[in-house]
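Both counts, for ligands and for their atoms, begin at 1 and track the order of listing. These numbers come from a predicted model, not from an experiment.
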Amino acid sequence: MKYRHLGKAGIQVSELSFGSWVTFHNQAGIDSTVEMMSAAYDAGVNFFDNAEVYAAGKSEEIMGAALKKLGWHRGSYLISTKLFWGLHEGPNQQNTLNRKYLIEAMDGSLRRLDTDYVDLLFCHRADSTTPIEETVWAMHNIIERGKALYWGTSEWEASDIVSAIEIAERHHLHKPIVEQPIYNMFEQHRLGADYTAVYEGHEYGSTTWSPLASGLLTGKYQDGIPADSRGALEEVSFLKEQLTATDSLAKVAALKPLADEMGATLAQFSLAWCLQNPRVSTVLTGASRVEQVHENMRSLEFVDKFSPDVLSEIERIFG
Ligand code: NDP
């Protein structure tokens, strides 16, 4: 495993990291979670991602319990959570980055994770109804209280990220250091040209998500939805359409010979491709069972194997 700096921050993250969306609680209980986190950690993963909203808080509880069982030295790994959607109905508690919500939700996440602090705290989405300045101050105060060490954004427009950085600079507050954008062969815009000021100008880091487009890029949906796959889960039924779109399946089929030629599985090929981009600090992987973790970790063997011809063929397929 290699490690990359999270942007210009002093902290380093493993090139592959491990997240809990959909899987923890819905597909993996505590034993399976311990097994998967352990396999990732043994392969060198030092960053484990979570969010308040995942399985309505249950995902944080499972990760907290798993970490307790695993008993790793706290300095050897980073954990994150993300706030925005909220767990409670009513004004001020949902789809927001207001100060009251952030301060209270942080405490809820720490309780569920059974820890004193998270290493990274993300604003899970932007909130156009709360002034960015209010959010920046709240994140700064959370860090000053020792409840998070660094903070970042997820799926924010470049202009909002730059605004947050500039506000923090103006008031000498803790700046956001990292974005969590979607990034895979189908979805490349969040690391694209619009973000040059963010990644080059401000040397922002990135922890990229859904590298396999929820499993589509493994090739498992070529003949329909397997019963034991994410595509079959009621909890995320909104994904079904994109997992079975004919034009997407044709693109995955066109990738297969390239992966075969490299000696990689489609999953390994697709994960390794993400790491070609120097704007990526770490690729957040997901898995519903330990065999997938083992397979995915081996994608590192292929990172250096992309010739210019293969890269331009991928560009041709995905446009
Ligand atoms: P992927 O796109 O890699 O999808 C992971 C899923 O694909 C697995 O759960 C599994 O689903 C399937 N899969 C993985 N590896 C294999 C394999 N080798 N062979 C066959 N199937 C495989 O990543 P995620 O969408 O899970 O995202 C990764 C992480 O990113 C999340 O856990 C979360 O931490 C973060 N994230 C952040 C978001 C944000 O808004 N900031 C949004 C979404 C994710 P199955 O076996 O059930 O088919």
Exercise for review: Sort and list the pairs that fulfil ring pair (Phe, Tyr, Trp, His ring centres under 6.0 Å) and have at least one residue in residues 211-260, not counting sequence neighbours.
Suggested key: none
Check your understanding: Got a sec, which pairs hit ring pair (Phe, Tyr, Trp, His ring centres under 6.0 Å) with one end in residues 78-108, sequence neighbours left out?
Key -> W85-H124
Review point. Is the backbone of G192 close enough, under 3.5 Å, to the side chain of R279 for a donor and an acceptor to pair up by distance?
Key: yes
Check your understanding: Can you list the steps and then say if D116 with K147 is a salt bridge (Lys or Arg N to Asp or Glu O under 4.0 Å)?
Key -> CA-CA 6 Å; D116 295 334; K147 297 180 182 196; over 6 Å; no
Exercise for review: Sort out the contact shell of ligand 1: every protein residue with a heavy-atom distance below 4.0 Å, listed by chain and number.
Suggested key: G19, S20, W21, T23, Q27, D49, Y54, K82, H124, R125, S154, Q180, W209, S210, P211, L212, A213, S214, G215, T218, K220, Y221, S229, R230, A267, L284, T285, G286, A287, S288, R289, Q292, E295, N296
Study note, to complete from the structure: For residues 28-42, the side chain to side chain donor-acceptor pair (under 3.5 Å) pairs (sequence neighbours left out) are Y41-S76
Exercise for review: Ignoring hydrogens and angles, state whether a donor on the side chain of Y54 or K82 is under 3.5 Å from an acceptor on the partner side chain.
Suggested key: yes
